[in-house]
Amino acid sequence: DTDNNSYQGIISSRSSVPVARAGFNIYAKWSGSDRWQFWWGKDSAWGSLTSTTALALNRADIITAQISGGNGAGAAATQVLRVNGNLQGL
């Protein structure tokens, strides 16, 4: 853990197939807000949720993210982000 005033990806699965922006990313965003972020592809743009729980150096957090519904190519889906079991960013 280092506060380097930037994004630190902890998991990523991105693609430009079948649409321009497909897949997902989970980041520790140390610039500005110091929060967890969950991004997902939605065809020509990225959607995102930002945690209400702040990042803290030397503290382990359990991050879970879920995408349900949709067709994998930008159709409407539901996204959920949890930090230590608590629902975030709605």
Side-chain angles (χ1 to χ4, degrees):
D1 298 355
T2 334
D3 182 350
N4 64 355
N5 202 32
S6 189
Y7 289 88
Q8 294 181 7
I10 62 169
I11 190 166
S12 179
S13 176
R14 295 171 61 159
S15 179
S16 58
V17 177
V19 295
R21 288 177 179 81
F24 65 91
N25 312 285
I26 299 176
Y27 294 110
K29 182 179 184 265
W30 284 106
S31 56
S33 64
D34 295 349
R35 308 282 176 182
W36 291 106
Q37 289 193 329
F38 171 40
W39 293 25
W40 63 91
K42 44 188 245 178
D43 195 0
S44 60
W46 290 102
S48 68
L49 288 173
T50 300
S51 72
T52 53
T53 301
L55 296 166
L57 288 174
N58 302 315
R59 181 188 72 210
D61 287 326
I62 298 171
I63 310 304
T64 55
Q66 176 183 347
I67 300 173
S68 58
N71 65 359
T78 301
Q79 295 79 24
V80 174
L81 173 64
R82 293 182 188 276
V83 177
N84 300 320
N86 299 306
L87 191 59
Q88 306 286 305
L90 295 178

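All values below come from the heavy atoms of this structure, side chains included, with hydrogens, waters and symmetry mates left out.
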Closest heavy-atom contact between Ala77 and Gly69?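 In this case the closest contact between Ala77 and Gly69 is CB-O, 3.6 Å.
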Hey, any chance Val83 and Ile11 share a hydrophobic cluster, counting ILVMFWY side chains that come within less than 4.5 Å of each other, even indirectly?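 Same cluster.
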With the 4.5 Å side-chain cut-off for hydrophobic clustering, are Tyr7 and Trp30 part of the same group?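 Not linked; separate clusters.
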Between the main-chain N or O of [Y] and the side-chain N or O of [X], is there a donor-acceptor pair closer than 3.5 Å?
| X | Y | result |
| --- | --- | --- |
| Asn84 | Ile62 | yes |
| Arg21 | Ser44 | yes |
| Gln88 | Thr52 | yes |
| Arg35 | Ser33 | yes |

Under 3.5 Å, is there a donor on one side chain and an acceptor on the other for Gln37 and Ser48?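 Short answer, no.
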Give a yes or no on whether the ring-centroid distance for Phe38 and Trp36 is below 6.0 angstrom.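 No, they do not, as the ring centres are separated by 6.0 Å or more.
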Trp39 ring center within less than 6.0 Å of Phe24 ring center: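 Distance test on ring centres: not under 6.0 Å, no.
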Find out whether [X] and [Y] are in side-chain contact, i.e. whether some heavy atom of one side chain is under 4.5 Å from a heavy atom of the other.
| X | Y | value |
| --- | --- | --- |
| Arg82 | Ile63 | no |
| Trp40 | Leu49 | yes |
| Ile10 | Tyr27 | no |

Stepwise side-chain contact (heavy atoms from CB on, under 4.5 Å) check, Arg14 with Asn25: CA-CA 7 Å; Arg14 295 171 61 159; Asn25 312 285; 2.7 Å; yes
From CG (Leu81) to CD1 (Ile67), nearest 0.5 Å: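 If we round to the nearest 0.5 Å, Leu81:CG and Ile67:CD1 are 11.0 Å apart.
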